[in-house]
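Heads up, the thing below is written out as structure tokens.
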Number of protein chains: 2
Amino acid sequence: MARRVRTTARKKPRQERSQATVDAILSATARVLCTTGYDRASTNRIALHAGVSIGSLYQYFPSKEALVAALVERHIDQMTSLVKTKLAEVAATPLPLAVRTMIQAMFDAHAVDPKLHKVLIEEVPRVGRLERLTDVERQVQGLVAAFIDARRDLRKAPAHAIAFVLVHAVEAVTHAAVVDELPAPRAQEVAEELTHLVLRYLSPG
Amino acid sequence: MARRVRTTARKKPRQERSQATVDAILSATARVLCTTGYDRASTNRIALHAGVSIGSLYQYFPSKEALVAALVERHIDQMTSLVKTKLAEVAATPLPLAVRTMIQAMFDAHAVDPKLHKVLIEEVPRVGRLERLTDVERQVQGLVAAFIDARRDLRKAPAHAIAFVLVHAVEAVTHAAVVDELPAPRAQEVAEELTHLVLRYLSPG
DNA sequence: TGAATATGCGAGCTATCGCTCGCGTAGACA
DNA sequence: TGTCTACGCGAGCGATAGCTCGCATATTCA
């Protein structure tokens with residue numbers, strides 16, 4: 001157990017069927033992670049659930065770490081692409097609308113695959129390639145800091161500090177609302193309170 | 001590996017030396033968790049680092065889960081006792097001071113053992129007895145909700161929603177500041193911004 | 001059609017895991 | 001001092017982990 005050697009890709013799929021195999025493996029990884037948790041999610045079990053031999057799995061993913069890293073990548077892309085496009089869209093809109101939209105986008109992003117997100121955040125060790133999980137937050141922080149710098153209608157304070165507080169606060173509340181599986185009306189209340197929190201915080205008054 | 005059977009205590013230490021053994025085991029668990037991560041932290045390795053035989057370890061902790069649960073308990077107690085006493089202290093003080101004090105208390109609580117806290121939050125699977133980790137948050141939320149209800153000088157909104165947003169926001173920002181190992185001046189900035197965030201949010205204006 | 005290549009297979013290797021159990025030793029009490 | 005019990009020990013068990021490797025089958029292309 002736990003040898004963690006090769007983390008780079010091993011072989012690239014050239015034919016259609018092999019691409020299907022790769023997809024099946026990744027999907028199975030997500031399913032098994034959700035149902036059994038990280039340390040019970042053995043590569044053998046994943047291969048079994050994917051309807052693929054363990055040999056095939058290791059033909060495309062050189063290690064368990066690489067496998068999970070690939071899944072993380074896929075999941076992160078799905079979430080961030082959603083948030084990034086929204087952020088670009090609202091760059092020039094009035095602040096209240098912009099904030100409301102972004103918070104909704106955060107909720108939507110977390111709704112992509114809440115259970116997987118939970119496992120990825122709460123159980124996957126952030127070593128090696130898996131560190132990307134934390135990288136993304138920094139990346140988003142940068143974008144938000146830029147967004148804040150570009151605005152003159154906000155209270156003045158170090159943009160990096162504002163971004164730090166804002167990103168983590170919004171992320172955490174959204175995450176908690178989704179992970180705690182709040183019923184829709186409660187979630188709605190929380191989303192509104194969160195919007196309120198951010199708007200009050202940013203207004204120069 | 002991974003049998004997870006007995007989770008209740010096995011034997012209670014009666015003599016002094018055995019209490020020392022238990023302490024050594026718990027401390028070693030914390031150290032090994034921090035240095036190797038959760039899934040590399042085997043019971044054998046922990047016993048080794050504690051200078052104790054694997055047999056002795058299992059004399060006091062019936063399973064790895066129980067061992068980690070005990071450590072979680074100890075860590076949580078250290079953190080929450082600090083926060084709870086402060087919360088009681090400031091119950092009747094003016095809001096700005098109360099908030100400032102509580103946020104400082106949160107930073108202090110996270111400073112108790114940041115690395116352990118990080119591992120406990122990010123890697124330990126929340127199954128069985130380990131769920132207590134999430135229980136605490138709900139508990140704190142209740143206390144804060146009560147605190148809010150007791151005050152008439154705040155904006156009116158469902159106390160539970162306010163508490164939800166507040167607790168998760170403050171927790172996340174504090175946690176991030178400590179885990180990211182922000183240099184002191186940056187941390188100070190963040191703490192001030194966080195205070196600002198909360199005060200703005202709570203003021204009725 | 002046949003050679004070359006891409007893909008798929010799974011028995012099984014080694015390492016390590018969580019944990020047991022039989023036995024030796026230190027301290028308490030008579 | 002002898003007896004009883006709390007405490008400590010560590011070889012080693014069964015299970016399972018991550019992963020390899022030799023071989024079978026499907027596909028491409030000449």
Side-chain angles (χ1 to χ4, degrees), chain A residues 1-25 28-29 32-33 36-70 124-125 127-130, chain B residues 1-25 28-29 32-33 36-70 124-125 127-130:
Chain A
M1 169 189 262
R3 241 164 299 174
R4 307 286 155 92
V5 189
R6 221 175 329 184
T7 31
T8 59
R10 171 169 285 182
K11 202 176 236 180
K12 282 188 181 175
R14 322 237 164 190
Q15 301 176 0
E16 263 185 32
R17 57 178 179 143
S18 65
Q19 187 53 58
T21 300
V22 169
D23 287 347
I25 293 170
T29 306
V32 173
L33 273 178
T36 74
Y38 181 78
D39 57 354
R40 287 278 227 272
S42 71
T43 51
N44 280 291
R45 210 193 302 264
I46 289 168
L48 197 71
H49 277 250
V52 151
S53 85
I54 182 66
S56 294
L57 188 152
Y58 277 94
Q59 201 155 31
Y60 299 105
F61 302 97
S63 68
K64 183 182 177 179
E65 182 184 314
L67 172 58
V68 176
V124 174
V127 287
R129 293 263 164 246
L130 280 318
Chain B
M1 169 189 267
R3 241 164 301 173
R4 307 281 156 92
V5 189
R6 220 173 335 183
T7 31
T8 58
R10 174 168 282 183
K11 202 176 235 181
K12 285 189 181 174
R14 322 234 165 192
Q15 301 176 2
E16 262 186 33
R17 57 176 178 147
S18 65
Q19 187 54 58
T21 302
V22 170
D23 287 347
I25 293 170
T29 306
V32 174
L33 272 178
T36 74
Y38 182 78
D39 57 354
R40 289 278 228 271
S42 72
T43 51
N44 280 290
R45 210 194 303 263
I46 289 168
L48 197 71
H49 278 249
V52 151
S53 85
I54 182 64
S56 295
L57 188 153
Y58 277 93
Q59 201 156 32
Y60 299 106
F61 303 96
S63 67
K64 183 181 177 181
E65 184 185 313
L67 172 58
V68 176
V124 174
V127 288
R129 294 262 165 247
L130 281 317

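Letters A, B, ... are given to chains in the order of the sequence lines, protein chains preceding strands, and every chain is numbered from 1. No experiment lies behind these values; they were computed from the predicted model shown.
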Examine C:dT7: is either OP1 or OP2 under 4.0 Å from a nitrogen or oxygen in the side chain of A:Ser18? Give yes or no. yes
For B:Arg17, check side-chain hydrogen bond (donor to acceptor under 3.5 Å, both in side chains) against everything at least two apart and list the hits. B:Gln15
Picking from D:dT27, D:dC7, C:dC19, which would you name as closest to the side chain of B:Arg17? D:dC7
Nearest-Å distance, CD (A:Glu16) to C1' (C:dT7)? 14 Å
From the options D:dG18, C:dC19, D:dG8, select the nucleotide whose nearest atom is closest to the side chain of A:Ser42. D:dG18
Within less than 4.0 Å of OP1 or OP2 of C:dC17, is there a side-chain N or O belonging to B:Arg45? yes
Identify which nucleotide among D:dG8, C:dT7, C:dG10 has an atom closest to any side-chain atom of B:Ser53, counting heavy atoms from C-beta outward. D:dG8
Rounded interatomic separation in angstrom, taking NZ from B:Lys64 and P from C:dT16: 15 Å
Here the pair of heavy atoms bringing A:Tyr60 nearest to A:Ser18 is OH-CB, 3.1 Å
Return the CG to NZ distance between B:Leu57 and B:Lys64, rounded to the nearest 0.5 Å. 11.0 Å
Listed nucleotide nearest any side-chain atom of A:Tyr60, set D:dG18, C:dA11, C:dT7: C:dT7
Those residues at least two apart in sequence (or on a different chain) that pass side chain to side chain contact (heavy atoms under 4.5 Å, CB included) with B:Ala28 are B:Arg31, B:Ile46, B:His49, B:Ala50
Not counting sequence neighbours, which residues clear side chain to side chain contact (heavy atoms under 4.5 Å, CB included) with A:Ser53? List them please. A:Ser56
Counting side-chain heavy atoms from C-beta on, which of C:dC9, D:dA26, D:dC19 comes nearest to A:Val52? C:dC9
Considering residues at least two apart in sequence or located in another chain, which fulfil the side-chain hydrogen bond (donor to acceptor under 3.5 Å, both in side chains) criterion with A:Thr43? A:Tyr58
Could you grab the distance from atom CD1 of B:Ile54 to atom OG of B:Ser42, nearest 0.5 Å is fine? 7.5 Å
Hey, does the side-chain of B:Asn44 have a donor or acceptor N/O within less than 3.5 Å of a partner on the base of C:dC17? no
Rounded to the nearest Å, what distance is computed from the CG atom of residue A:Leu57 to the P atom of nucleotide C:dG10? 14 Å
All stems with DNA chain D, defined as three or more consecutive Watson-Crick or G-U pairs under 3.5 Å: C:1-30 with D:1-30
Rounded to whole Å, please give me the gap between CZ in B:Phe61 and P in D:dC7. 13 Å
Under 4.0 Å: is that the gap between some side-chain N or O of B:Tyr58 and OP1 or OP2 of C:dC21? no
Would you please name every residue forming a side chain to side chain contact (heavy atoms under 4.5 Å, CB included) with B:Asp23, sequence neighbours left out? B:Gln19
Rounded to whole Å, the CG-C1' distance (A:Leu67 to D:dA17) equals 15 Å
Checking C:dC9, C:dG18, D:dC19 against the side chain of A:Ile54 (C-beta onward), the nearest is D:dC19
Rounding to an integer number of Å, can you tell me how far A:Asp39 CG sits from C:dC17 P? 13 Å
C:dC19 phosphate, OP1 or OP2, under 4.0 Å from B:Thr43 side-chain N/O: no
CD of B:Gln59 versus P of C:dT25: gap in Å, rounded? 16 Å
C:dG8 phosphate, OP1 or OP2: any side-chain N/O from A:Thr21 under 4.0 angstrom? yes
Can you check the A:Gln19 CD to C:dG8 C1' distance for me, whole Å? 16 Å
